[in-house]
Enquirer: 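Next up is a structure, given as structure tokens.
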Amino acid sequence: MAKLQILEYPDPRLRTVAAQVDEVTDKTRTLIDDMLETMYAAPGIGLAATQVNVHQRVLVADVSDDGSQPLALINPEIIESEGDAWSDEGCLSVPDIYEKVARAEYIKVKALDRNGKSMLMEAEGLLAVCIQHEMDHLEGKLFVDYLSELKRQRIRKKIEKARKNATESPVPITVAGDHPDRL
Ligand code: GNR
Ligand code: NI
């Protein structure tokens, strides 16, 4: 297994629309295992292949408390959805930002499993939110796209600043004029 690097907003590669997986092979299964390792290490509750710069329709998720419910979906399609749910979302590609987003409350998803077998599953609550979030990644879409341009601009600045601080100046962390809550 290998831990993969996660692309961060505003990396343009996050805008790639992922291609359908024509055949589920050992390579697909290795990708899934590496994605799960990367997701658990982050830690996160979901990960789309797009985020690790692989532009195929593959996502993983695990919303359990103890990492005991790994789920991998290939070529996922939402065939039914119901209800509205607003919940706070975060994204490993948009570190340390949490904002409310509207999603369907219940979804029925058709996908292939890791053996290439067609499956149908229902999800609600956090898992439903997570799957919708991951499926957006496969379309090159990020949760910040649902926010206002002003909020997105603030988020870009905050991430750029955090990245600058991480790469350029190990110490000091705070510079005159900086507000700690915006670092
Ligand atoms: O770890 C994650 N948590 C999360 C919380 C609320 C809604 C969606 C998510 S997905 C996110 C991991 C991630 O970025 N997946 O693409
Ligand atoms: Ni995400």
Side-chain angles (χ1 to χ4, degrees), residues 1-21 28 31-78 81-109 111 114 121-148 151-152 154-156 158-160 162-163 166:
M1 300 238 281
K3 222 180 87 179
L4 309 170
Q5 200 191 325
I6 297 174
L7 301 178
E8 288 186 6
Y9 179 71
D11 192 311
R13 293 171 291 182
L14 287 168
R15 298 308 184 179
T16 314
V17 177
Q20 206 78 4
V21 175
T28 319
L31 170 66
I32 287 168
D33 290 339
D34 289 347
M35 285 172 61
L36 282 167
E37 183 181 352
T38 306
M39 176 189 81
Y40 287 127
I45 59 167
L47 192 70
T50 310
Q51 292 175 280
V52 294
N53 202 27
V54 176
H55 302 288
Q56 297 180 21
R57 308 189 80 82
V58 176
L59 68 84
V60 297
D62 188 340
V63 298
S64 72
D65 291 332
D66 56 356
S68 62
Q69 307 284 320
L71 174 71
L73 301 179
I74 301 160
N75 299 339
E77 288 173 66
I78 293 177
S81 65
E82 259 176 58
D84 300 293
W86 281 87
S87 52
D88 255 322
E89 294 196 18
C91 181
L92 296 171
S93 296
V94 192
D96 302 319
I97 307 288
Y98 302 89
E99 294 282 353
K100 282 224 182 315
V101 175
R103 301 286 188 185
E105 211 250 303
Y106 159 93
I107 54 174
K108 190 184 276 185
V109 183
R114 62 179 292 135
M121 67 170 286
E122 294 177 301
E124 57 185 9
L126 185 58
L127 182 59
V129 169
C130 182
I131 291 172
Q132 291 170 79
H133 174 115
E134 305 315 335
M135 287 181 66
D136 269 358
H137 276 301
L138 301 179
E139 293 299 322
K141 201 167 167 82
L142 296 166
F143 84 101
V144 296
D145 299 345
Y146 297 107
L147 309 175
S148 68
K151 271 194 178 172
R152 246 193 322 278
R154 283 197 190 135
I155 290 167
R156 276 197 301 272
K158 182 170 165 176
I159 289 174
E160 269 161 32
R163 192 172 297 136

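One-based numbering, in listed order, for ligands and for the atoms of each. Basis for what follows: all heavy atoms, side chains included, without hydrogens, waters or symmetry-related copies.
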Enquirer: Which atoms of ligand 1 have any heavy atom of H133 under 4.0 Å away?
Expert: 8 (C), 10 (S), 13 (C), 14 (O), 15 (N), 16 (O)
Enquirer: Would you kindly check if the NZ (Lys) or CZ (Arg) of K141 is within the cone defined by 45 degrees around the ring axis of Y146 and under 6.0 Å from the six-membered ring centre?
Expert: yes
Enquirer: Within the 4.0 Å heavy-atom shell around C91, which atoms of ligand 1 are there?
Expert: 14 (O)
Enquirer: To the nearest 0.5 angstrom, please state how far the CE atom of M35 sits from the CG atom of D33.
Expert: 10.5 Å
Enquirer: List ligand 1 atoms under 4.0 Å from E134, heavy atoms only on the residue side.
Expert: 10 (S), 13 (C), 15 (N), 16 (O)
Enquirer: Should E139 and R57 count as an ion pair when the cut-off is N to O under 4.0 Å?
Expert: yes
Enquirer: Ignoring hydrogens and angles, tell me if any N or O in the side chain of Q51 forms a donor-acceptor pair with the backbone of H137 under 3.5 Å.
Expert: no
Enquirer: Would you mind listing which atoms of ligand 1 come within a distance below 4.0 Å of any non-hydrogen atom of H137?
Expert: 16 (O)
Enquirer: If the cut-off is 4.0 Å to any non-hydrogen atom of G44, which atoms of ligand 1 fall inside it?
Expert: 1 (O)
Enquirer: Which of the atoms of ligand 1 are close to Q51, meaning less than 4.0 Å from one of its heavy atoms?
Expert: 13 (C), 14 (O), 15 (N), 16 (O)
Enquirer: Give, rounded to 10 degrees, the angle between NE2 (H137) and NE2 (H133) as seen from the Ni ion (ligand 2).
Expert: 100°
Enquirer: Give the numbers and elements of all ligand 1 atoms closer than 4.0 Å to a heavy atom of D88.
Expert: 6 (C)
Enquirer: Report the member of G90, A48, S93 with the shortest heavy-atom distance to atom 9 (C) of ligand 1.
Expert: G90
